[in-house]
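Chain identifiers are assigned alphabetically (A, B, ...) following the order of the sequence lines, protein sequences preceding nucleic acid strands; residue numbering begins at 1 within each chain.
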Protein chains: 2
Amino acid sequence: MPPLTYIFKALADPTRRKILHLLRTKDLTAGQIAANFTITPASISHHLTILKQADLVVDERRGQNIVYSLNTTVFQDALVWLLQFTDAGDKAPHEEENAHD
Amino acid sequence: MPPLTYIFKALADPTRRKILHLLRTKDLTAGQIAANFTITPASISHHLTILKQADLVVDERRGQNIVYSLNTTVFQDALVWLLQFTDAGDKAPHEEENAHD
DNA sequence: TAGACATTTAGACAACTTTCTAATCATAGT
DNA sequence: ACTATGATTAGAAAGTTGTCTAAATGTCTA
């Protein structure tokens, strides 16, 4: 599966987008994230797995907790792909031959 | 369903991304698009429906053919959403209070 | 080492996706 | 009006997703 597929699949769910939004200002534990939703912690855990798979977040165990944080670099991959469809288009003429999907 | 969900869902498939890529340089008929794939025209038609639903493409009948073209403005919605996760962040301080998802 | 807390994993289920074949709709040309 | 061509729609099969409950794992503290 192409990486962009994982990324866009991960972004294609409102719950997961809300999780990312929560992590935007500061890192949070799984429990803190779950506290913002009505679905079960197990379901949130599943969503976190999908976000990890897409490499949009990373996790680190900190004692009893698992702390999640954004991996901002991956958002740029999606951004770059989208850019080719805007009026800006493929800007750099030296940027060579189909790095595109 | 939030519009971003439609957009990212539509982008989360390699076939559909390839269709968008084909349309990047010029408008194409359903048949011309289908010629680039091994799956059936019926399946391509289905993918085109999903792209239309997300408003990423528009269609127009031209005699016997149906011509598809990109709707570049929608790509920007996705782009703007992604931008808030890059180092650039929410740039404008006067851009107010949660237009976010 | 036992108990409590935080989180994940396993297994089940309904809903949705992707693909196909076959049938239908729309237009053009004879 | 008939037929050929371009494209979509309908319905079915196989796979994937999002959610749940219940069980398991990992870590801290007594």
Side-chain angles (χ1 to χ4, degrees), chain A residues 1-23 26-71 101, chain B residues 1-23 26-71 101:
Chain A
M1 232 188 188
L4 279 174
T5 301
Y6 285 106
I7 295 171
F8 286 129
K9 255 191 215 302
L11 297 177
D13 181 278
T15 300
R16 290 194 287 268
R17 287 201 303 278
K18 188 172 167 190
I19 291 173
L20 293 173
H21 202 260
L22 290 169
L23 291 173
K26 66 176 187 298
D27 300 353
L28 296 170
T29 68
Q32 290 174 322
I33 292 168
N36 289 274
F37 298 90
T38 54
I39 62 177
T40 64
S43 295
I44 293 295
S45 187
H46 175 62
H47 284 301
L48 288 169
T49 301
I50 289 167
L51 289 170
K52 256 191 298 188
Q53 222 164 213
D55 209 23
L56 288 162
V57 304
V58 294
D59 62 343
E60 188 204 350
R61 182 171 277 279
R62 201 91 75 103
Q64 221 161 344
N65 303 306
I66 296 182
V67 177
Y68 283 86
S69 36
L70 292 182
N71 179 18
D101 200 23
Chain B
M1 235 186 186
L4 279 174
T5 301
Y6 285 106
I7 295 171
F8 286 129
K9 255 192 215 301
L11 297 177
D13 181 278
T15 300
R16 290 194 289 267
R17 288 201 302 278
K18 188 171 167 189
I19 291 173
L20 293 172
H21 202 260
L22 289 168
L23 291 173
K26 65 175 188 298
D27 299 353
L28 295 171
T29 68
Q32 289 174 323
I33 292 167
N36 290 274
F37 297 89
T38 53
I39 62 177
T40 64
S43 295
I44 293 295
S45 187
H46 174 61
H47 284 300
L48 288 169
T49 301
I50 290 167
L51 289 170
K52 255 190 300 187
Q53 223 165 214
D55 210 24
L56 287 162
V57 305
V58 295
D59 62 342
E60 189 205 348
R61 181 170 278 279
R62 201 90 74 102
Q64 220 161 346
N65 303 306
I66 297 182
V67 177
Y68 282 86
S69 37
L70 292 183
N71 178 19
D101 200 26

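- Atoms CD and CD1, from A:Gln32 and A:Ile44 in turn, are 13.0 Å apart once rounded to the nearest 0.5 Å.
- For the pair A:Ile44 CD1 and C:dT9 C1', the computed distance is 16 Å after rounding to whole Å.
- Close to D:dA7, at under 4.0 Å from its OP1 or OP2, lies a side-chain N or O of B:Thr29.
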(request) Test side chain to side chain contact (heavy atoms under 4.5 Å, CB included) on B:Lys9 and B:Met1 and set out the steps. (result) CA-CA 11 Å; B:Lys9 255 192 215 301; B:Met1 235 186 186; 3.1 Å; yes
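- Between the P atom of C:dT7 and the CG atom of A:Asp59 lies a distance of 12 Å, rounded to the nearest Å.
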(request) At under 4.0 Å between heavy atoms, which parts of nucleotides 25-30 of chain C does protein reach? Answer with one letter per nucleotide, 5' to 3': B base, S sugar-phosphate only, - none. (result) -SBS--
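- Legend: residues meeting side-chain contact (heavy atoms from CB on, under 4.5 Å) with B:Leu22, ordered by chain and number and at least two apart, are B:Leu28, B:Asn36, B:Phe37.
- Smallest separation of non-hydrogen atoms from A:Pro41 and A:Ala34: CA-CB, 4.4 Å.
- Between the CG atom of B:Leu51 and the P atom of D:dT8 there is a distance of 12 Å, rounded to whole Å.
- A distance of 11.5 Å separates CG in A:Asn71 from CG in A:Leu51, rounded to the nearest 0.5 Å.
- Every residue two or more places apart in sequence or in another chain that forms a side-chain contact (heavy atoms from CB on, under 4.5 Å) with A:His47 is listed here: A:Asp13, A:Thr15, A:Arg16, A:Ile19, A:Ile39.
- The two residues A:Leu23 and A:Tyr68 come nearest to each other via the heavy atoms CD2-O, 3.3 Å.
- Atom CG of A:Asp27 and atom CG of A:Leu70 lie 7.5 Å apart (nearest 0.5 Å).
- In this structure, B:Tyr68 does not reach the D:dG6 phosphate: none of its side-chain N or O atoms is under 4.0 Å from OP1 or OP2.
- Across residues 30-43 of chain A, A:Ile39, A:Thr40, A:Ala42, A:Ser43 each have a non-hydrogen atom less than 4.0 Å from an atom of DNA chain D (numbered order).
- The interatomic distance linking A:Leu28 (CG) with C:dT7 (P) rounds to 11 Å, in whole Å.
- Atoms CG and CD1, from A:Asp55 and A:Ile7 in turn, are 8.0 Å apart once rounded to the nearest 0.5 Å.
- Applying the 4.0 Å criterion to OP1 and OP2 of C:dT7, one finds that A:Asn65 has a side-chain N or O inside that range.
- Here OH of B:Tyr6 is found 11.0 Å from CD1 of B:Ile50. Values are rounded to the nearest 0.5 Å.
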Check: residues 56-67 of chain A side-chain donor-acceptor pairs under 3.5 Å, at least two apart:
unit_1	atom_1	unit_2	atom_2	d
A:Asp59	OD2	A:Lys52	NZ	3.1
A:Arg61	NH1	A:Gly63	O	3.1

Polar atoms only, N or O, under 3.5 Å: list the protein pairs with nucleotides 16-18 of chain D and their distances.
unit_1	atom_1	unit_2	atom_2	d
D:dG18	OP1	A:Asp13	OD2	3.3
D:dG18	OP1	A:Arg16	NH2	3.3
D:dG18	OP2	A:Arg16	NH1	3.0

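- For B:Leu48 and D:dT9, the CG to P distance is 11 Å, given to the nearest whole Å.
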